[in-house]
Amino acid sequence: MTRTDRELDSEIESHLAEATEEYIARGLSPEEARFAAMRDFGGITQAKQVHREMRRFAWLDDARQDIRIACRRLTKDRAATLISMVTLAVGIGVSSALFSVIDATMLRPLPYPNSDQLVEVMVEEDEPDGKTWRPTPSMNDMRLWQAADDVFTTVAGWGGAFRGRIVDGPQPQRLPVQHFTEGYLTLHGVTPLLGRDFVRDDCLSGSPVVALLGYGYWQSEYGGRLDVLGESVRFDDGVATIVGVLPAWFNADKPLTLPLRIPENQVSLRGTGRLSVYGRLRPDVTMEQARERLSARMPEGRLPNGKLMGAVRAVVESRLDAAISGNRTTITVLSGAVALILLIACVNVAALLLARGAAREPELAIRASLGAGRGRLVRQMLAESVVLAGCGAALGVLLAWASLDALVANMPLRLPDNSPIAVNLAVLASTAALLIPTVLLFGLLPAIRLSRARIPPALARGRQLGSPLTRRGGQWLIAAETALALVLLAGAGLMIRSFARITATDLGFEADRLITMQVLPLDRNIASHADYYTRLLQQIKTLPGISSAGLVDYFALGGGTSYSTFVANGKPTPSTQFTVMPGYLETIGARLRDGRFLSETDDPGGLRGVVINETAAQKMFGAGAAVGQTFSRMADKQPPWTVVGVIADIRHRGPIDPRSQGEAQIFFPYQPEATDRIQAMTIVMRSSGNTPRLAEQLRAMALAVGPRVLVESIRSSNDLFGERVITPKRRTVLLTLLGALGLALALVGIFGMTAYSVVRRTPEIGVRIAFGARAGQVVSTILRDAVVPIVIGTVIGLAASLLVTPVIKSFLFETEPAEPATLVSVAAILVLAGCLAAFASARRAARIDPAISLRAE
Amino acid sequence: MVPDKTDVLYGSLGLLVLKTLAAIGPMHGYRIARRIEQISGNQLALNQGTLYPALMKLEQMGWIAAKWGESESGRRVKIYSLTRAGRRRLQHEEAQWQRASGIIDRFFKISEETS
C-alpha cells in the first residue's frame with residue numbers, strides 16, 4: 001500500500017465521519033447515519049480503484065508524452081542530434097569495450113569454480129648471504145604438498161615445453177606442448193570432453209606415453225572423430241597414445257598436452273625450471289595457515305657435502321591476485337583515459353543541449369508562466385537526454401561489439417588463458433549503470449539551469465538572447481573540454497615520444513632489411529647438421545638480392561638465450577653465449593672495435609677463436625687489450641679459447657629489456673655437438689630489400705638441400721623488432737587512439753559551441769555589420785569567445801597533466817612523465833587545432849547579411 | 001436514489017469544484033461535495049466517491065493545491081485551494097462553458113420556434 005493509498009483512505013474516512021455526523025445532527029440514529037453517508041458516497045472500493053488508475057495513467061501519459069515530444073524535437077534538429085549521438089556512442093562504445101576487457105582480465109581472469117581457493121605454491125630458500133631466492137620446486141616438494149590434505153584438496157604440477165615437440169608426418173611440424181601432472185584438470189574443475197584425465201602412473205618415467213588433444217587440434221587434425229582414443233601421435237623421437245580430448249574452452253591454444261615427467265634422478269632437484277605447482281586450498285584454510293603448515297613440514301636442505309643449507313619455506317600465493325596485479329597499471333591508465341573521453345563526450349552533449357536549450361528559453365518561459373511546474377519542465381528536458389543517451393548507448397554497444405576483436409588482439413595486457421573477452425550481460429549491465437551518471441551529468445544540469453527561465457528576462461529580450469550566464473557557461477564548457485583533451489593528448493604525446501626513442505635506440509647492429517629463417521634438419525646424426533647448414537648457406541648466398549648470410553643459434557631480437565660461466569685469469573664471469581658460423585656478425589652489421597671477425601679456421605678443432613663484446617672484454621680482462629687473451633668454460637676440460645676480436649655491445653633482447661644493457665656476450669664458432677638436437681639454427685641474411693617471393697625461394701631451397709627438414713619460420717627483422725616492442729607499441733597505439741578521439745570530440749565541441757555563439761549573436765552582428773564593421777572584426781569577436789577559454793583550458797590541462805602523467809611512468813622508455821618539450825608541443829597542437837575549429841565555425845559570422853538578420857528582429 | 005435528480009455531467013465535475021473553491025475558498029472534500037449538492041438545490045445527485053479521483057486529477061494539472069489540515073470538527077482532512085493556474089483555467093472553462101451552453105440554448109430556441 002502506497003503512501004497515496006493510505007492518504008486517500010484517511011481522507012475517505014474523514015469524509016464519511018463528517019457525513020455521518022451531519023446525518024446524526026439531522027436526527028438519524030448512528031447506524032442509519034453511517035449507512036446514509038455510505039450511500040451518498042457510492043462505491044468506496046470503486047472510488048479508490050478509479051483514483052489509483054488515474055494516478056497510474058497520469059504518470060504513464062506524462063512519460064509517453066515527454067518521450068514523444070523529445071523524439072520530435074530531436075528529429076527536428078538533425079545535425080545537433082547526430083553529433084550528440086555519435087559523441088555519446090563513441091564515449092559509451094569505448095567504455096563498453098573497456099568494461100569487456102576489465103570483466104575478463106580483472107573480474108574473472110580465472111574462470112574456474114571458487115577461483116579464490118587457487119594458489120601457486122613455491123619454495124623459498126635463505127641464501128648464505130642473507131638474500132632469499134625462489135627456485136622452482138622439485139618433484140619431491142610437490143609430492144610432499146600433495147600429501148598435505150589438511151591444507152589442500154588438490155595439488156598438481158605443470159610446465160610448458162620450452163621448444164614444443166616436433167610431430168612427425170609428411171610435413172613435420174613443431175607444436176607447442178603443455179605438460180601437467182595428474183590432478184591438474186580436477187584442480188580447475190575440468191573434465192575431459194572425451195576419454196580420461198592423466199593418472200599418477202602416466203607421470204612416472206618408464207610408463208607408456210599418453211597424450212590429451214586440444215579441442216582445436218582434435219578438430220583440425222582428427223576431424224573431431226569420436227574414435228580417436230587409442231590412436232597414436234608420432235613425434236620425431238617417440239610415440240604417444242591419445243587418451244582424451246580437452247573441452248573447447250580450456251587451453252584452446254595448446255594442441256597437445258603430455259604428462260609432466262621428471263627423470264628419476266632429478267626428483268629432488270629444485271630450480272630446474274620445469275615444474276610449477278598449483279594447489280586448491282581447503283575452504284577452511286587461509287593463505288597464512290597454509291604457509292605455516294607447509295613450511296613446518298619442509299625438510300631441511302643439505303648441500304652435497306652434508307652442510308645444512310639456510311632455512312626453506314613454502315610460499316603460497318593467490319593466483320587471482322597474481323593474475324590481476326600484472327594488468328593493474330594498464331587497466332588503471334586505460335580506465336582513466338576512457339573516463340576522460342566519456343567526460344568530454346558528456347561535456348559536448350551538455351554544451352549542445354544547453355546551446356539548443358538557450359534558444360528555447362522564451363518558449364520555456366512562456367510554458368512556465370502558463371503554469372507548467374518546474375519539475376515538469378526539467379522532466380521533459382531530461383526525457384530528451386534519456387532518449388539521446390539510450391540511442392547513444394545502443395550505438396555505443398554496437399560499436400564496442402564490432403571493434404572488440406581488433407581491440408583485444410592489440411591489447412597491451414596479459415590476457416587470461418581461458419576467459420574470453422566478450423560483450424556479455426555483465427558488460428551491458430555496467431554500460432547501463434554508466435548511463436545514469438552520464439545522463440545526470442549532461443542532461444540534468446542544463447535542464448535545471450534552463451528551467452529557471454523567467455518571463456521578464458527571457459521574453460523581454462526576445463530573440464536577442466545572449467544572456468551573459470549562457471555565454472560564460474559555454475566558455476566554461478570549452479575550457480573544460482580543452483583541459484580534458486589536453487590530459488589525454490599529453491599521455492599520447494609522451495607515449496609517442498617514448499616509442500620514438502625505443503625505435504631510435506642503437507641496437508649495436510643494423511637491424512634493417514635482415515631476413516631470418518629458422519630451419520632444422522631432422523637428422524638424428526647431429527654431426528651431419530653442420531654439413532647441412534654449410535651447404536644451405538652457400539646456396540642462399542647465390543640468391544639474387546642477398547648480399548650476405550650467416551648462422552646463429554639465437555638471433556638478436558629473436559628471443560631465447562643461453563648462458564654459461566667462463567673463467568679468465570682465474571676470475572669467473574657469467575656471460576651470454578652464442579654459436580655462430582663465420583659471416584653472421586658481418587651480416588648483421590656488428591661493429592668491430594678491435595681484432596677481426598671469426599673465420600673458418602677458428603673452429604673448435606683449429607684455432608679455437610672467439611669474438612666477445614666490449615662488456616665481456618671489460619669484465620674478463622679489465623682495461624687491457626682483450627685480443628689474444630684466453631679463457632675457458634667453467635669446469636671444462638677442453639683447451640682454452642682465444643679472443644680474436646671485440647665488437648660493440650649488441651642489444652640482443654631488443655631496445656627495452658633492461659638486461660640488454662651491459663650484458664657480456666661471447667660468440668663461439670658453430671659446433672653441432674654443443675647444441676641441442678632439436679634446437680633450430682637461424683640463418684640470417686641481408687637482403688637488398690627488393691626480393692619478392694624470397695620466402696618461397698628460401699623454403700624451397702631449405703627443403704631441397706636436406707632430406708628431411710623442418711622450416712620453422714621465415715621472418716624479417718622488422719617483424720621481430722616489432723614483436724620485441726609489441727607491448728609499448730600497443731600501449732602507444734591505444735593511448736594515441738584515445739588521445740585522437742578525445743581531441744576529435746573536443747574539436748567537435750569547440751566547433752559546435754562557436755557555431756551556437758554565432759547563431760546567438762546574429763542580431764548583434766547584423767547591427768554591427770550594418771554600422772560598417774568589417775568581416776575580420778566580426779569574426780575575431782566571435783573567435784575571442786572561444787580562444788580565451790581554449791587557452792585557459794590548456795593551462796589547466798597542463799597542470800592536470802603534471803599530476804596525472806606519473807601514472808604512466810612505468811610505460812615510458814627514457815622519457816620523463818613531465819617532459820616539458822612533449823607537454824608544450826601537445827599543448828601547442830591542441831591550441832592550434834582548437835583555434836582552427838573555432839575559426840572554421842566563426843567564419844560564418846562574416847557571411848551574416850544584416851538585411852536578413854535585422855528583418856528577423 | 002431519487003429518480004428526478006440529474007447526474008453530474010461527465011467532465012463537468014472538475015469545473016464545479018474549481019468554481020466552488022473560487023467562490024468560497026479553501027475547504028475539504030466533504031465540504032466541497034455538500035456545497036455542490038447545496039448550490040444545485042439538491043438537484044444534482046453527486047456520487048461523492050467520484051469527487052476524489054476528480055480532485056486528484058485537478059491537483060495533477062496544477063489547478064488546485066492540497067495540504068493536510070483540520071475540519072471544523074477537528075478531523076484530519078485534506079484542504080483544497082485554488083491555484084493561480086486554476087483560477088486562469090476556471091476563467092477559460094467558464095468562458096468555454098458559456099459559449100457552449102449559449103449555442104445549445106440557441107438550438108433549443110430554434111426548435112421551440114419551429115415546433
Side-chain angles (χ1 to χ4, degrees), chain A residues 2-26 33-34 36-63 65 366-377 379 455, chain B residues 1-2 5 7-8 10 13-14 18 27-38 42 44-80 82-92:
Chain A
T2 66
R3 200 176 64 108
T4 332
D5 277 330
R6 276 197 302 276
E7 283 187 9
L8 181 66
D9 274 3
S10 122
E11 203 178 0
I12 291 175
E13 195 38 60
S14 294
H15 178 113
L16 292 175
E18 294 273 336
T20 311
E21 218 164 74
E22 204 176 312
Y23 276 114
I24 292 176
R26 281 199 226 154
R34 179 80 184 169
M38 302 249 293
R39 187 197 56 209
D40 286 350
F41 194 87
I44 293 176
T45 332
Q46 195 192 8
K48 283 185 193 170
Q49 185 62 33
V50 172
H51 197 272
R52 216 171 286 136
E53 266 168 25
M54 281 179 64
R55 235 153 50 205
R56 190 161 54 229
F57 280 127
W59 180 85
L60 250 180
D61 269 354
D62 281 1
Q65 195 188 13
I366 291 172
R367 289 179 52 192
S369 65
L370 281 180
R374 190 166 161 203
R376 172 93 182 144
L377 287 182
R379 222 169 47 194
I455 314 177
Chain B
M1 200 177 279
V2 189
K5 276 191 183 177
D7 279 352
V8 175
Y10 179 78
L13 181 57
L18 290 182
M27 64 182 105
H28 58 85
Y30 178 67
R31 264 303 122 237
I32 298 175
R34 288 296 295 138
R35 195 71 205 162
I36 290 174
E37 286 172 351
Q38 282 165 10
N42 282 333
L44 277 179
L46 179 62
N47 209 342
Q48 292 171 2
T50 59
L51 181 66
Y52 288 93
L55 283 171
M56 189 201 56
K57 187 83 194 164
L58 293 175
E59 200 184 336
Q60 273 180 350
M61 301 304 280
W63 294 332
I64 60 174
K67 61 169 191 277
W68 286 99
E70 263 185 19
S71 72
E72 301 81 7
S73 49
R75 285 195 182 78
R76 212 171 88 85
V77 289
K78 248 187 183 171
I79 297 189
Y80 296 91
L82 201 62
T83 64
R84 209 192 306 178
R87 203 171 292 281
R88 267 195 298 273
R89 179 71 192 177
L90 181 59
Q91 284 165 7
H92 176 78

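Letters A, B, ... mirror the listed sequences (proteins, then strands); counts begin at 1.
For a residue to count as touching a neighbouring chain, one of its non-hydrogen atoms must lie under 4.5 Å from one of that chain's; by this rule A:L8 touches chain B with the side chain only. Looking at B:R34, the atoms closer than 4.5 Å to chain A (heavy atoms on both sides) all sit in the side chain, from C-beta outward. Heavy atoms of B:R31 lying under 4.5 Å from chain A belong exclusively to its side chain. Only the side chain of B:W68 comes within less than 4.5 Å of a heavy atom in chain A; its backbone stays farther off.
Between A:K48 and A:E7, no side-chain nitrogen of the basic residue sits less than 4.0 Å from a carboxylate oxygen of the acidic one, so the salt-bridge criterion is not met. Salt bridge status for A:E21 with B:R75: present, with a side-chain N to carboxylate O gap under 4.0 Å.
A side-chain N or O of B:Y30 and one of A:E22 form a donor-acceptor pair less than 3.5 Å apart.
The shortest non-hydrogen separation linking A:H15 to B:G29 is ND1-C, 4.1 Å.
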